[in-house]
Protein chains: 2
Amino acid sequence: MQLLASVKSATNPVLARPAATPQAGHSLLLTESARSLGGPPSLLAALTDREREIVLRHGRRKVLYRGKTLFNQGAKHDGIYLIETGRIRVFYTAPSGREITLAYWHPGNFVGGPEVFGSGVHQWSGVATSNSNIVQLPGKDLRALVVEVPSLAIGLIEGLTFKGKCYSALAQMLGTRSITERLAHLLLHLAQLYGVADADGVVIGAAFTHADLAHMVGATRQWVTISLKRMQEKGIVASRRSQIVILRPDLLQEMRGLGD
Amino acid sequence: MQLLASVKSATNPVLARPAATPQAGHSLLLTESARSLGGPPSLLAALTDREREIVLRHGRRKVLYRGKTLFNQGAKHDGIYLIETGRIRVFYTAPSGREITLAYWHPGNFVGGPEVFGSGVHQWSGVATSNSNIVQLPGKDLRALVVEVPSLAIGLIEGLTFKGKCYSALAQMLGTRSITERLAHLLLHLAQLYGVADADGVVIGAAFTHADLAHMVGATRQWVTISLKRMQEKGIVASRRSQIVILRPDLLQEMRGLGD
DNA sequence: TCTATCGCGGCAACTAATCGACCACCCGAA
DNA sequence: TTCGGGTGGTCGATTAGTTGCCGCGATAGA
């Protein structure tokens, strides 16, 4: 697993990613390890340069600064957004105000939807968690392009398949695991994605607030704080000024329950 | 909304569906009402008779009796299963033994996966909850067919999109609503799908056990029993020999929280 | 017709998790 | 320098939900 830039790279130059080249990206989710899902496919990876150019000609480019909203839950949408650089957090807000983060998407993936062709209503919101470059592909163009460029259809199908896997895996976690188990799982996953070896253990090299974590596991901030504190008491993790260090991955593994 | 046969139609002739014709089906999920999702698309609906024949030629037919397993979580899979008649329950089993029902799928939809082309591992299981006719379409054939029959690609994309919506909606419910709210939601949804008007209220014309309901909302059977009992005390619902009658949909609506 | 099984219901003890509120701290902006 | 917002930490009260168990009645199968 490769080290990605911190969410807060802007404020933490040590972790800043060097002039990012679009890479078929990761996706950060509260789910089974990437192993069982396979890596996320890149929408345009299978296209020839020429086909890619045809497709991108229909796109509208956007630059999005950290914290800015790409699309809003409830708004009418049109087509999809392809991420070229940066990172997009996709989340749902319940009427009660509670939020659940569906995923953090990285370059090569597309977000928006849930539909790709039709123009329905966004079922969730997307905001940039780091400065991002986005290409919007309108639904109508996309539908025409699919017939013209079959590889694009394959790319879309694979992308949608992957999203289906992600969301169902999320539902599986949420439906069958306790919050504590989910948190243990998430920490291991974060260590895998952003982990940096250290004298004591593995430092999670990305600054997530307790609230961020809470949104990912579907809990309250307080509960995350309490759980982390308990883990700290047991010597499983250590907190150093808002950084989390995993000391005993074996115990975390145990906490998250059996399987995979 | 139209009345469908009971899960237990075999034991309850009154509710049995008359010689079912394949209908572009519903899908039963713990989610927002169908309104916001749009109906589920039928995979072959957009095809000409000829195209349909080309596609189905690659399929292998299966007859599945009630209770029989179509595919098993963890097993290698190949392609998708198209439902012609019957009903398939798709569910995930956690290592702890807890189950969550992802959906009940009706004719016109395809199940299996999560992948359509590749041959990965089933992330969930599928069993028939009523006698069903199934057509299996192998992954390799499917990939070739997509290029030959573009409408099939569109059908697949729309089907996958719908599944993505379903699963994300499920994750949204599970991540942001309490079990009680989810149960209230589910009851209203069931009333909409299977409801039969009655002197007192709406009878849910399909026999779901408490365990079935529990699997749908991601809770234990006991909790469902307790919750239903409390609702009964408040006069919101009534139980008549394992049938549920909705007396006060307005109160249920209130319980499930705001929104939609 | 008998018996095994399943679904329903209830109960008690327990813990996981929420809610709301408050405070201290740090850091960045003015 | 001060101010203010975001973050982490904590507390107490309350509730939601789990676990495990037992018993009854209906049903299906032998």
Side-chain angles (χ1 to χ4, degrees), chain A residues 6-8 10-13 66-67 94 96-100 129 174-184 204 206-233 237-245 255-257, chain B residues 6-13 65-67 94 96-100 129 173-185 204 206-233 237-245 255-257:
Chain A
S6 154
V7 194
K8 302 227 167 138
T11 65
N12 194 344
R66 188 166 115 72
S96 66
R98 273 188 86 148
E99 279 180 19
I100 176 95
T129 55
L174 293 171
T176 60
R177 256 88 157 182
S178 72
I179 296 194
T180 314
E181 289 170 323
R182 267 138 55 191
L183 185 59
I204 293 178
F208 289 100
T209 67
H210 289 190
D212 287 338
L213 300 179
H215 287 152
M216 280 190 255
V217 297
T220 56
R221 182 193 60 80
Q222 293 93 320
W223 185 251
V224 170
T225 305
I226 293 174
S227 300
L228 284 177
K229 191 184 145 206
R230 285 188 194 158
M231 286 184 189
Q232 198 157 359
E233 280 163 7
V237 302
S239 297
R240 297 204 291 232
R241 354 165 198 116
S242 98
Q243 262 194 342
I244 299 173
V245 190
M255 282 184 68
R256 98 170 154 183
Chain B
S6 156
V7 195
K8 303 229 167 137
S9 53
T11 64
N12 194 343
Y65 293 106
R66 187 167 113 73
S96 66
R98 273 188 86 146
E99 279 180 20
I100 176 92
T129 55
M173 290 292 291
L174 294 171
T176 61
R177 258 86 157 181
S178 72
I179 296 193
T180 314
E181 289 170 324
R182 268 138 55 192
L183 186 58
H185 188 102
I204 293 178
F208 288 100
T209 67
H210 288 193
D212 286 337
L213 300 179
H215 287 152
M216 279 189 256
V217 297
T220 56
R221 183 196 58 78
Q222 290 92 323
W223 185 251
V224 170
T225 306
I226 293 174
S227 300
L228 283 176
K229 191 185 146 205
R230 287 190 193 156
M231 286 184 188
Q232 198 157 359
E233 280 163 7
V237 302
S239 298
R240 297 203 291 233
R241 351 166 200 115
S242 96
Q243 261 194 344
I244 298 172
V245 190
M255 282 185 67
R256 98 168 155 187

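In what follows, every chain begins at residue 1, and chains take the letters A, B, ... in the order their sequences are listed.
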**Asked** What residues form a side-chain hydrogen bond (donor to acceptor under 3.5 Å, both in side chains) with Thr225(A), not counting sequence neighbours?
**Response** His210(A)
**Prompt:** By side chain to side chain contact (heavy atoms under 4.5 Å, CB included), which residues pair with Ala214(B), not counting sequence neighbours?
**Reply:** Val224(B)
**Message:** Just the rounded figure in Å: distance from P of dA16(C) to CG of Leu228(A).
**Reply:** 16 Å
**Item:** Residue list, side chain to side chain contact (heavy atoms under 4.5 Å, CB included) with Gln222(B), at least two apart or on another chain
**Value:** Thr220(B)
**Message:** Please check this pair: side chain of Arg98(B) against backbone of Gly218(B), looking for a donor-acceptor N/O pair closer than 3.5 Å.
**Reply:** yes
**Asked** Nearest-Å distance, CD (Gln243(A)) to P (dG8(D))?
**Response** 12 Å
**Item:** Per-nucleotide protein contact string for nucleotides 13-26 of chain D (B base, S sugar-phosphate only, - none; heavy atom under 4.0 Å)
**Value:** ---SBBBBB-----
**Prompt:** Any donor-acceptor pair under 3.5 Å linking the side chain of Arg177(A) with the backbone of Arg182(A)?
**Reply:** no
**Prompt:** Heavy atoms, side chains only, cut-off 4.5 Å: are Thr129(B) and Asp212(B) in contact?
**Reply:** no
**Item:** Whole angstrom value for the distance that separates P of dC8(C) from NE2 of His210(B)
**Value:** 5 Å
**Message:** Are the side chains of His185(B) and Met173(B) in contact, using a 4.5 Å heavy-atom criterion?
**Reply:** yes
**Prompt:** Residues in side chain to side chain contact (heavy atoms under 4.5 Å, CB included) with Ile226(B), at least two apart?
**Reply:** Trp223(B), Arg230(B)
**End axis versus end axis in the helix from dT1(C)-dA30(D) to dA30(C)-dT1(D), the angle rounded to 10°, five pairs used at each terminus** = 50°
